[in-house]
Amino acid sequence: QVQLVESGGGLVQAGGSLRLSCAASGLTFSNYAMGWFRQAPGKEREFVSGTNWSGMTTAAADSVKGRFTISRDNAKNTVYLQMNSLKPQDTAVYYCAVAGSSWAGKFEYEYDYWGQGTQVTVSS
């Protein structure tokens, strides 16, 4: 079955950086778009960034543009989220997800499988 395992979360000071990783198994990884979402306490889960099957086309939420970068390594079945200039409002549980096709947008219904999440906490 499809499994997604996120790693790389933690506690960081404002202005710092983290790189999240999501290792996928049980699927032909290079066939599918991937996305990162996050959920802060008391808020709904929201789209952060996504990439098409090749990594050549990406999208990001306005709140993270210029600070976060999504990438993927199809040889390693892994998608990454490089997060720079972190802010306290970036504090959330971050989830990776596999889309049902080679490209997907910002809506949760476009994604079929989800990881368990990794906590990112940014202190001020």
Side-chain angles (χ1 to χ4, degrees):
Q1 71 275 22
V2 176
Q3 286 191 321
L4 302 173
V5 179
E6 300 101 334
S7 61
L11 174 64
V12 64
Q13 288 189 335
S17 298
L18 284 175
R19 188 175 83 152
L20 305 184
S21 300
C22 173
S25 61
L27 77 166
T28 305
F29 182 74
S30 59
N31 284 356
Y32 300 100
M34 298 292 296
W36 285 97
F37 289 75
R38 68 185 181 186
Q39 187 168 23
K43 296 188 177 181
E44 294 187 352
R45 190 158 55 184
E46 64 176 1
F47 173 79
V48 175
S49 189
T51 173
N52 75 330
W53 67 275
S54 68
M56 295 298 290
T57 302
T58 63
D62 288 343
S63 59
V64 306
K65 279 181 181 176
R67 301 188 298 121
F68 291 12
T69 302
I70 190 171
S71 62
R72 65 189 296 161
D73 185 338
N74 286 345
K76 295 183 178 179
N77 286 8
T78 301
V79 63
Y80 305 97
L81 185 68
Q82 178 66 46
M83 305 186 295
N84 299 329
S85 302
L86 282 160
K87 305 175 181 180
Q89 52 263 46
D90 294 318
T91 295
V93 177
Y94 283 71
Y95 299 90
C96 70
V98 180
S101 65
S102 59
W103 169 247
K106 63 181 181 179
F107 299 104
E108 289 190 35
Y109 68 79
E110 298 179 88
Y111 296 83
D112 293 338
Y113 298 97
W114 296 79
Q116 81 289 349
T118 186
Q119 176 71 46
V120 171
T121 303
V122 184
S123 64
S124 57

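Computed from heavy atoms alone, side chains included, the values below leave out hydrogens, waters and symmetry copies. Everything quoted here is computed from the prediction, not taken from an experiment.
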Peer 1: Considering only Ile, Leu, Val, Met, Phe, Trp and Tyr, and joining two whenever side-chain heavy atoms are under 4.5 Å apart, list the other residues clustered with Phe107.
Peer 2: Tyr109

Peer 1: Tracing side-chain links under 4.5 Å among I, L, V, M, F, W and Y, which residues wind up in one group with Val79?
Peer 2: Val2, Leu4, Val12, Leu18, Leu20, Leu27, Phe29, Tyr32, Met34, Trp36, Val48, Val64, Phe68, Ile70, Leu81, Met83, Leu86, Tyr94, Val98, Tyr113, Val120, Val122

Peer 1: Could you name each residue pair satisfying salt bridge (charged side-chain N to carboxylate O under 4.0 Å, His left out) that touches residues 78-95, not counting sequence neighbours?
Peer 2: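 For residues 78-95: Arg38-Asp90, Arg67-Asp90.
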
Peer 1: Please determine, by modelled atom types, if Asn84 and Ser17 share a side-chain donor-acceptor pair under 3.5 angstrom.
Peer 2: yes

Peer 1: So, Ser102 side chain and Ala33 main chain: donor-acceptor pair closer than 3.5 Å or not?
Peer 2: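 A pair under 3.5 Å: no.
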
Peer 1: For Lys65, enumerate each residue passing the salt bridge (Lys or Arg N to Asp or Glu O under 4.0 Å) test, keeping only those at least two apart in sequence or located in another chain.
Peer 2: Asp62

Peer 1: Got a second to check how far Ser21's OG is from Arg72's CZ, nearest 0.5 Å?
Peer 2: 13.5 Å

Peer 1: List the residues meeting ring-ring contact (aromatic ring centres under 6.0 Å, His included) with Trp114, not counting sequence neighbours, and say none if there are none.
Peer 2: Phe37

Peer 1: For residues 99-119, which residue pairs qualify under salt bridge (charged side-chain N to carboxylate O under 4.0 Å, His left out), counting only residues two or more places apart or in two chains?
Peer 2: Arg45-Glu108

Peer 1: Sort and list the pairs that fulfil disulfide bond (SG atoms under 2.5 Å apart) and have at least one residue in residues 30-63, not counting sequence neighbours.
Peer 2: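 Passing the test, one end in residues 30-63: no pairs.
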
Peer 1: Under the side-chain hydrogen bond (donor to acceptor under 3.5 Å, both in side chains) rule, what pairs show up with a residue in residues 2-11, not counting sequence neighbours?
Peer 2: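 Listed once each, the pairs are Glu6-Gln116.
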
Peer 1: Any sub-3.5 Å donor-acceptor pair from Thr28's side-chain atoms to Ser30's backbone N or O?
Peer 2: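 Side chain of Thr28 to backbone of Ser30: no pair is present.
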
Peer 1: Quick one: which residue pairs count as a disulfide bond (SG atoms under 2.5 Å apart) with a foot in residues 36-82, not counting sequence neighbours?
Peer 2: none

Peer 1: Going by salt bridge (charged side-chain N to carboxylate O under 4.0 Å, His left out), name the pairs with one or both residues in residues 14-33, residues two or more places apart or in two chains.
Peer 2: none

Peer 1: Who clusters with Trp53? Use side-chain heavy atoms, under 4.5 angstrom, across I, L, V, M, F, W and Y, and order the result by chain and number.
Peer 2: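 Traced through the cluster, Trp53 reaches no other member.
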
Peer 1: Within this structure, what is the CG-OH distance for the pair Asp73 and Tyr80, rounded to the nearest 0.5 Å?
Peer 2: 5.0 Å

Peer 1: Applying disulfide bond (SG atoms under 2.5 Å apart), which residue pairs with at least one partner in residues 10-119 are found, sequence neighbours left out?
Peer 2: Cys22-Cys96

Peer 1: What is the minimum heavy-atom distance between Ala14 and Ser124, and which atoms define it?
Peer 2: CB-CA, 4.3 Å

